[in-house]
Amino acid sequence: MKLLIVNGPNLNMLGIREKHLYGDQDYDALCRVIRETAERLGCEADIFQSNHEGAIVDRIQAAYSDGTDGIVINPAAYTHTSVAILDALKAVQLPAVEVHLTDVDAREDFRRVSYAGMACQARFTGLGFEGYVKAMEHLCNRA
Ligand code: DQA
């Protein structure tokens, strides 16, 4: 089982950005948790991060033909704006799960809209790094 983990803008700034919301662990620490989880579940995890909407669309499209079985996606701010990422997820028709470190529904009103979430079969929010673990378990258990 091969999972693609997609992280959107500013997630590379974990450990620096708004620590009261996102904590003080950095992006490398998140990648370590993802890699350890993949090893435990016996699956492959390809981790991708970009600050650019089009690059995220390109990576999701590539998943159509690179053997990816499922996508875990935290589109970050693009969650609330990007119809292009929603359309890319719909286009490739791979099982996808949405993750947010924070509880987006308990924050500003504009964070309650999730375009990407409309193409996802499950969602884990407000659990910090554990949300990625749960999303990966969800996809692996369904394989
Ligand atoms: C986020 C929540 C988004 O609203 C925000 O723009 C992010 C991170 C989260 O993981 O909690 O950058 O996706």
Side-chain angles (χ1 to χ4, degrees), residues 1-41 43-64 66 68-143:
M1 173 116 195
K2 183 171 159 181
L3 298 180
L4 169 64
I5 317 296
V6 178
N7 285 311
N10 300 306
L11 289 169
N12 57 314
M13 296 292 281
L14 287 177
I16 297 168
R17 71 182 295 209
E18 300 177 280
K19 290 188 187 186
H20 60 290
L21 290 172
Y22 299 109
D24 49 22
Q25 288 196 278
D26 64 12
Y27 186 68
D28 283 347
L30 173 59
C31 292
R32 275 198 298 280
V33 168
I34 292 168
R35 276 191 233 103
E36 282 162 16
T37 303
E39 205 177 313
R40 177 171 61 78
L41 296 173
C43 68
E44 200 183 314
D46 185 344
I47 307 172
F48 176 80
Q49 190 276 329
S50 179
N51 296 323
H52 305 276
E53 184 176 19
I56 294 170
V57 169
D58 286 344
R59 185 62 193 89
I60 293 168
Q61 286 185 8
Y64 178 71
D66 73 358
T68 296
D69 299 299
I71 300 175
V72 172
I73 184 163
N74 181 350
Y78 289 138
T79 307
H80 320 298
T81 62
S82 181
V83 177
I85 291 174
L86 166 63
D87 285 350
L89 290 170
K90 282 182 163 177
V92 299
Q93 289 179 295
L94 290 165
V97 176
E98 177 184 13
V99 173
H100 298 286
L101 296 164
T102 61
D103 180 1
V104 280
D105 291 327
R107 295 178 62 187
E108 302 94 326
D109 282 351
F110 66 83
R111 293 186 205 272
R112 292 197 184 160
V113 176
S114 172
Y115 289 101
M118 294 174 198
C120 291
Q121 56 179 237
R123 161 180 234 237
F124 297 98
T125 66
L127 301 174
F129 291 180
E130 186 63 19
Y132 289 78
V133 174
K134 295 237 183 281
M136 292 172 73
E137 286 172 349
H138 176 94
L139 287 169
C140 282
N141 290 340
R142 253 145 230 261

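All heavy atoms count here, side chains included; hydrogens, waters and symmetry mates do not. Positions are given from 1, in the same order as the sequence printed here. Ligands are counted one by one from 1 in listed order, and the atoms in each one are counted from 1 as well.
Remark: Lys134 NZ is loosely packed, at most 12 non-hydrogen atoms of other residues, nucleotides or ligands lying under 6.0 Å away.
A donor-acceptor pair is defined here as one N or O able to donate and one able to accept, closer than 3.5 Å; no such pair exists between the side chain of His80 and the backbone of Ser114. The backbone N or O of Ala76 lies less than 3.5 Å from a partner atom in the side chain of Thr79, making a donor-acceptor pair. Judged by distance alone, the side chain of Asn10 and the main-chain N or O of Met13 form no donor-acceptor pair under 3.5 Å.
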Give every donor-acceptor pair under 3.5 Å between a side-chain atom in residues 124-131 and any protein atom, sequence neighbours left out.
none

One pair per line, please: each N/O atom of ligand 1 matched with every protein N/O atom under 3.5 Å away, atom names first, then the distance to 0.1 Å.
| unit_1 | atom_1 | unit_2 | atom_2 | d |
| --- | --- | --- | --- | --- |
| ligand 1 | 4 (O) | His80 | NE2 | 2.7 |
| ligand 1 | 4 (O) | Arg111 | NH1 | 2.8 |
| ligand 1 | 6 (O) | Ala77 | N | 3.2 |
| ligand 1 | 6 (O) | Arg111 | NH1 | 3.1 |
| ligand 1 | 10 (O) | Asn74 | ND2 | 2.9 |
| ligand 1 | 10 (O) | Leu101 | N | 2.8 |
| ligand 1 | 11 (O) | Leu101 | N | 3.2 |
| ligand 1 | 11 (O) | Thr102 | N | 2.9 |
| ligand 1 | 11 (O) | Thr102 | OG1 | 2.6 |
| ligand 1 | 12 (O) | Arg17 | NH1 | 3.2 |
| ligand 1 | 12 (O) | Arg17 | NH2 | 3.0 |
| ligand 1 | 13 (O) | Asn74 | OD1 | 2.8 |
| ligand 1 | 13 (O) | His100 | ND1 | 2.8 |

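Electrostatic pairing of Asp46 and Arg59 counts as a salt bridge here, judged by a charged N lying under 4.0 Å from a carboxylate O.
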